[in-house]
Chemist: 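Quick one: the structure is below, questions incoming.
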Amino acid sequence: MRRRLLAAAAVAAVAIPAVASAPPATADTYHPTVVSADPVDFTPHVLDGTVWALALVGDTVVVGGAFTKVSDASRRVTFARKNIFAFGLHDGQIRTFAPEVDGAIYSLATGPDYSVYLGGAFKSVNGTAQRGLARVSLHDGSRYSSFGARVNWGDVRSLSSRGGSLYAGGTFSAVSGVRRSGLVRLNALTGVVDQGFDARLAGPGLKRVRVEHFDVSLDGRKLIAVGAFLKSGTAARNQIALFDVGGPGANLTGWYTDAFVPTCMQGFDTYLRQVKFSPDGSYIVVAATGRASSAQKLCDSAARFETRAAGKQNPTWVQRTGGDSLYAVAITGPAVYLGGHQRWFDNPYGTDGNGPGPGAVSRPGIGAVNPNTGKALEWNPTRSRGVGVRAFLVTPHFLLVGSDTDELGREYHGRVGMFPLPGA
């Protein structure tokens with residue numbers, strides 16, 4: 001077991017230091033090697049529900065989801081924390097930060113001046129109505145009344161802060177009275193909708209347009225979105241679209257793929273769940289569900305696509321689980337980390353009912369693949385599968401994991417865990 005001495009026992013929540021910080025770039029951080037398969041022992045535990053989102057603000061990890069209580073690493077002290085809490089990156093001590101949020105938090109993004117943006121299914125923060133979007137201070141949990149954005153209905157599932165802008169994606173059709181289907185860009189301080197930015201997403205025949213997830217490249221010039229949509233403007237874009245966002249608008253690029261046109265199990269308006277850019281922006285990896293085992297389709301798979309060429313794209317590689325969903329992806333350079341409730345990797349010919357196929361390797365709930373080939377790496381910490389990993393967070397020295405289960409790396413870790421780089 002990997003032991004780490006704490007500076008002091010976590011017998012009480014500690015206040016967040018008064019430090020101002022600008023939001024960092026949101027694309028995944030480069031690592032020189034694969035992280036250890038042994039998680040650190042000092043992270044706190046979420047004792048119920050699901051962790052949906054993670055963000056780093058200074059040296060503080062913010063955790064969002066649908067839960068009601070957390071404990072320190074020793075499990076001796078329990079704290080009431082509804083849907084959000086924070087802890088120290090290097091010591092695991094739970095912060096006093098405890099805003100009142102009345103619904104699930106699905107997404108987080110680092111804000112300026114030691115703040116964090118919240119996105120989710122909530123309708124109020126600290127007793128004040130503000131649906132789906134908010135900005136709160138890490139110092140005392142107070143809501144920024146100057147940030148007034150709110151969605152008309154539905155929820156916010158993905159956030160990314162970039163300079164003076166905040167991008168938000170979800171199921172909404174308007175933000176602060178301005179019509180935007182599933183994707184919007186806001187002024188980061190005021191929450192005012194950027195009138196010049198409109199992805200014009202549409203889903204003819206779908207019940208609603210939904211951006212399930214998006215990512216912005218490290219240079220801030222490209223945005224890749226996945227979800228329940230079929231068009232951007234008049235152009236066909238089935239479940240995935242790449243935009244140039246380096247200028248004043250959302251300019252659809254000529255990049256596209258038909259790889260997600262084939263359907264999976266009936267009832268999925270989209271089977272794509274998460275997408276991430278590589279640290280250098282040269283490719284993306286998409287994680288998918290679909291409840292359909294297939295060696296030809298991209299259901300229950302992860303797939304890499306190159307992004308620097310225009311025109312029709314086919315996947316560079318596909319990692320197939322054999323019928324189990326993948327929900328989360330992180331890319332660090334040496335590895336592509338994948339999380340879900342999968343049992344196997346390298347399993348194109350296996351199925352849920354018949355077991356693993358030729359060449360399959362056991363990777364319960366979490367694993368890593370070679371970024372060049374898509375084949376499973378030896379990294380195999382294991383986790384109790386549950387519904388699945390919902391969030392990864394890459395920091396310069398760690399890979400953090402948020403999920404709905406309490407076993408990670410063959411140890412007890414309640415819904416939050418953290419893998420260090422060797423020597424960290």
Chemist: Starting from the C-alpha separation in whole Å, work towards a yes-or-no answer on side chain to side chain donor-acceptor pair (under 3.5 Å) for Asp72 and Ser74.
Modeler: CA-CA 6 Å; Asp72 67 336; Ser74 69; 2.8 Å; yes

Chemist: Taking the cut-offs as 6.0 angstrom to the six-membered ring centre and 45 degrees off its axis, would you call Arg210 and Phe229 a cation-pi pair?
Modeler: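 No, Arg210 does not sit over the ring of Phe229.
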
Chemist: Over 60° means perpendicular and under 30° means parallel, so tell me whether Tyr167 and Phe197 are parallel, tilted or perpendicular.
Modeler: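 Ring orientation, 0 to 90° scale: perpendicular.
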
Chemist: Ignoring hydrogens, what is the shortest heavy-atom contact between Val156 and Ala168? Give both atom names and the distance.
Modeler: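 Looking at all heavy atoms of both residues, the shortest contact is CG1-CB, 4.2 Å.
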
Chemist: Check Lys69 with Asp48, please: is the shortest side-chain N to carboxylate O separation under 4.0 Å?
Modeler: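 Answer for the salt bridge query: no.
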
Chemist: Taking only residues two or more places apart in sequence, or in another chain, which ones meet Asp258 in a side chain to side chain donor-acceptor pair (under 3.5 Å)?
Modeler: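 Side chain to side chain donor-acceptor pair (under 3.5 Å) list for Asp258, sorted by chain: empty.
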
Chemist: Could you tell me if Ser282 and Asp280 have a donor-acceptor pair between their side chains, going purely by distance under 3.5 Å?
Modeler: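 Result is yes, a qualifying pair exists.
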
Chemist: Is it true that Asp28 and Lys276 make a salt bridge, defined as a side-chain N closer than 4.0 Å to a carboxylate O?
Modeler: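 Looking at Lys276 together with Asp28, the answer is yes, because their closest N to O distance falls below 4.0 Å.
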
Chemist: Taking NZ, NE, NH1 and NH2 as the nitrogens, is one of them in Arg95 or Asp59 under 4.0 Å from a carboxylate oxygen of the other?
Modeler: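 Salt bridge present between Arg95 and Asp59.
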
Chemist: Count the heavy atoms belonging to other residues, nucleotides or ligands that lie under 6.0 Å from CZ of Arg308, then report whether that count exceeds 12.
Modeler: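 Above 12, so yes.
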
Chemist: Using the ring of Tyr283 (Phe, Tyr or Trp, six-membered ring only), decide whether Arg304 places NZ or CZ under 6.0 Å from its centre and within 45 degrees of its axis.
Modeler: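 Positive - Arg304 is close enough to the ring of Tyr283 and near enough to its axis.
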
Chemist: Between the side chains of Asp102 and Ser124, does any donor sit under 3.5 Å from an acceptor?
Modeler: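 Yes, Ser124 and Asp102 have a side-chain donor paired with an acceptor closer than 3.5 Å.
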
Chemist: Roughly how far, to the nearest 0.5 Å, is the CG atom of Leu133 from the CG atom of Leu166?
Modeler: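 Between atom CG of Leu166 and atom CG of Leu133 there are 7.0 Å.
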
Chemist: Give, for atom CG of Leu189 and atom CG of Leu186, the distance between the pair rounded to the nearest 0.5 Å.
Modeler: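 If we round to the nearest 0.5 Å, Leu189:CG and Leu186:CG are 11.5 Å apart.
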
Chemist: Could you pull out the closest heavy-atom pair between Val329 and Gln274, with the gap in Å?
Modeler: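 Nearest pair, atom of Val329 first, then Gln274: N-OE1, 3.0 Å.
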
Chemist: Side chains of Asn380 and Pro364, heavy atoms from C-beta outward: is any pair under 4.5 Å?
Modeler: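 Yes; the side chains approach each other to less than 4.5 Å.
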
Chemist: Counting distance only, does the side-chain N/O of Gln313 pair as donor-acceptor with the main-chain N or O of Ala310 below 3.5 Å?
Modeler: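 Judged by distance alone, yes, a pair lies under 3.5 Å.
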
Chemist: ring-ring contact (aromatic ring centres under 6.0 Å, His included), that's the test. Do Tyr117 and Phe147 meet it? Break it down for me.
Modeler: CA-CA 10 Å; Tyr117 296 100; Phe147 182 85; 5.4 Å; yes

Chemist: Between Thr382 and Arg410, which heavy-atom pair has the shortest distance, and what is it?
Modeler: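 Taking Thr382 first and Arg410 second, the nearest heavy atoms are CG2-NH2, 3.3 Å.
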
Chemist: Looking only at heavy atoms, which two atoms of Asn83 and Ala104 are closest? And how far apart?
Modeler: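 Shortest heavy-atom contact: ND2-N, 4.3 Å.
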
Chemist: Donor-acceptor check, side chain of His341 to backbone of Tyr327, threshold 3.5 angstrom: yes or no?
Modeler: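 Checking the backbone N and O of Tyr327 against the side chain of His341, no donor-acceptor pair under 3.5 Å is found.
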
Chemist: Looking at Asp324 and Arg343, is any side-chain nitrogen of the basic one under 4.0 Å from a carboxylate oxygen of the acidic one?
Modeler: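 Salt bridge between Arg343 and Asp324, a charged N being under 4.0 Å from a carboxylate O: yes.
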
Chemist: Measure across Pro204 and Leu230 and return the closest heavy-atom pair with its distance rounded to 0.1 Å.
Modeler: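 That closest heavy-atom pairing would be O-CD1, 3.3 Å.
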
Chemist: If you compare all heavy atoms of His213 against all heavy atoms of Ser158, which two are closest, and at what distance to 0.1 Å?
Modeler: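 His213 and Ser158 have their closest heavy atoms at CD2-OG, 3.5 Å.
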
Chemist: Assign the ring pair Phe398 / Phe42 to parallel, tilted or perpendicular, where the plane angle (0 to 90°) is split at 30° and 60°.
Modeler: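 Aromatic pair Phe398/Phe42 classed perpendicular.
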
Chemist: Under 4.5 Å between any side-chain heavy atoms of Ile84 and Val62, yes or no?
Modeler: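 The answer is yes, as the side chains (C-beta and beyond) meet within the 4.5 Å cut-off.
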
Chemist: Would you say the side-chain atoms of Trp255 and Thr307 include a donor-acceptor pair closer than 3.5 Å?
Modeler: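 Side chains of Trp255 and Thr307: no pair found under 3.5 Å.
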
Chemist: Quick one: which residue pairs count as a disulfide (SG to SG under 2.5 Å) with a foot in residues 166-282, not counting sequence neighbours?
Modeler: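 Applying disulfide (SG to SG under 2.5 Å) to every pair that reaches into residues 166-282, excluding sequence neighbours, yields Cys264-Cys299.
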
Chemist: Do Asp113 and Ser115 have side-chain atoms, one donor and one acceptor, less than 3.5 Å apart?
Modeler: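 The criterion, which ignores hydrogens and geometry beyond distance, is not satisfied for Ser115 and Asp113.
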
Chemist: Could you tell me which residues satisfy side chain to side chain donor-acceptor pair (under 3.5 Å) with Asn372, sequence neighbours excluded, listed by chain and number?
Modeler: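 Listed in chain order: nothing, the list is empty.
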
Chemist: In terms of the angle between their ring planes, are His413 and His45 parallel, tilted or perpendicular, with boundaries placed at 30° and 60°?
Modeler: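 Answer is tilted, since the angle falls between 30° and 60°.
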
Chemist: Should Lys82 and Glu100 count as an ion pair when the cut-off is N to O under 4.0 Å?
Modeler: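 Result for this pair is no, no salt bridge flagged.
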
Chemist: Answer yes or no: is there an ion pair linking Arg415 with Asp404, defined by an N-O contact shorter than 4.0 Å?
Modeler: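 Salt bridge absent between Arg415 and Asp404.
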
